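Remarks on the structure that follows.
This one's a predicted model, so the numbers in the text were calculated from it and none came from an experiment. In what follows, chains carry the letters A, B, and so on, assigned in the order in which the sequence lines appear, proteins first and then strands, with residues in each chain numbered from 1.
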Number of protein chains: 2
Amino acid sequence: MNTIDQRIISCLVANARSSYADIGKVVGLSAPAVKRRVDRLLETGVLRGFTAVVDPEALGWGTEAFVEVHCQGNIAPARIRARLEPLPEVVAAYTVSGAADAIVHLRAADIHHLETALERLRGLEIIDRTVSTVVLSRLLERPPTPDRNPE
Amino acid sequence: MNTIDQRIISCLVANARSSYADIGKVVGLSAPAVKRRVDRLLETGVLRGFTAVVDPEALGWGTEAFVEVHCQGNIAPARIRARLEPLPEVVAAYTVSGAADAIVHLRAADIHHLETALERLRGLEIIDRTVSTVVLSRLLERPPTPDRNPE
DNA sequence: CCTGAAATCCATCATTT
DNA sequence: AAATGATGGATTTCAGG
């Protein structure tokens, strides 16, 4: 992992379908050299894969919410994960500091669908209480760029 | 936008670098037909683009937080967005219902970096008060799949 | 709106420095 | 580790149904 790898990652974050030759032009390497590095980054897990960015609105997933989840007693993160994973509306979940045990990011088709998703979430045995915050508008959403400079 | 488009999107979400020929085999179309549909989906904005999924840990961005932002008086979402956009640690931001005006998703290299990012955030004139929740572990994080069924 | 063919370009491997 | 050159496969354009 060095500067060249980071620049390759930047290229792929910007456009995952760009050719190795094009990336090579940017970073100053030949196509096979770029491929070897990308393979290695995938191998080591720095790159998890490549995905399409879709507009949730266009697909009918325009409603979302953040839900603070409070569990009963002490529960292992893995157990929370296991319960959340089958729910298709859960797009992300994190254990957190503070009063809540986890924050769950939900995406649904509309308010009604969000409500049913919330009901299912609250129906999980491990969950004691939830506090939900409905998203009114997406202000900003961007991929984590590898070249941001701490400080 | 029909079922075939959705299945093409599913393929690209699963792997943005798969070839048009491979997608065609899955959805029962020739490679040129797939390409034209993908071009149209990009054109109409249903597909925003293609990106690499990177492991934040591996890049040294292992610390994150969700911050409730409370603003002074009534502030247009666009103004909030304009203030947040220059901060590189802000990976997402939403206006929300409830007491807070916005939720900001921060990603930083470590706790110290997170602290400085928070200070910068709290230094914005429009911001009155913040409540931050530090992420302890990522339980789940997945792309929005286009084929989840409401209900 | 699709298929099928043709030209170009790319990915990928073996070889060389 | 990277450049180079060869080849098999992909992308992309175009003609035609």
Side-chain angles (χ1 to χ4, degrees), chain A residues 1-61 109 142-149, chain B residues 1-61 109 142-149:
Chain A
M1 257 296 289
N2 57 26
T3 309
I4 294 181
D5 287 321
Q6 289 206 341
R7 286 166 66 203
I8 291 174
I9 291 169
S10 289
C11 290
L12 287 169
V13 167
N15 179 12
R17 281 184 79 84
S18 53
S19 72
Y20 294 136
D22 282 349
I23 298 168
K25 271 176 225 156
V26 174
V27 306
L29 248 55
S30 67
V34 173
K35 179 190 163 13
R36 265 210 317 278
R37 281 170 182 264
V38 171
D39 286 346
R40 195 162 52 86
L41 290 169
L42 285 166
E43 196 65 33
T44 57
V46 176
L47 280 174
R48 294 256 183 85
F50 306 100
T51 190
V53 182
V54 295
D55 179 8
E57 308 280 350
L59 286 171
W61 290 84
R142 53 187 173 200
T145 62
D147 53 355
R148 287 174 299 175
N149 211 18
Chain B
M1 256 296 289
N2 55 27
T3 308
I4 294 182
D5 286 321
Q6 291 206 340
R7 285 166 66 203
I8 291 174
I9 292 170
S10 289
C11 289
L12 288 170
V13 166
N15 180 12
R17 282 184 79 84
S18 53
S19 72
Y20 295 134
D22 283 349
I23 298 169
K25 269 176 227 155
V26 173
V27 305
L29 248 56
S30 66
V34 173
K35 178 189 161 22
R36 268 184 309 104
R37 280 170 182 264
V38 171
D39 286 346
R40 194 163 53 87
L41 290 168
L42 285 166
E43 196 65 31
T44 57
V46 176
L47 279 174
R48 294 258 182 84
F50 308 99
T51 190
V53 182
V54 296
D55 179 9
E57 309 278 350
L59 286 171
W61 290 83
R142 55 186 172 200
T145 62
D147 52 356
R148 285 173 301 176
N149 212 17

Summary of protein contacts for nucleotides 4-17 of chain C, nucleotide by nucleotide, where a base hit scores B, a sugar-phosphate-only hit scores S (4.0 Å, heavy atoms): BB----SSBB----
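Taking CG of A/Asn2 as the reference point, atom CZ of A/Arg37 lies at 5.0 Å (rounded to 0.5 Å). Here A/Ile8 contributes atom CD1 and A/Lys35 contributes atom NZ; the two are 12.0 Å apart, rounded to the nearest 0.5 Å. Distance CG/A/Leu41 to CG/A/Leu12: 8.5 Å, rounded to 0.5 Å. Here the straight-line distance linking atom OG of B/Ser30 with atom CD1 of B/Ile23 works out to 12.0 Å at 0.5 Å rounding.
To the nearest angstrom, P of C/dC2 lies 4 Å from CZ of B/Arg37.
Classification of B/Lys25 and B/Asp22 as a salt-bridged pair holds, one side-chain N sitting under 4.0 Å from a carboxylate O.
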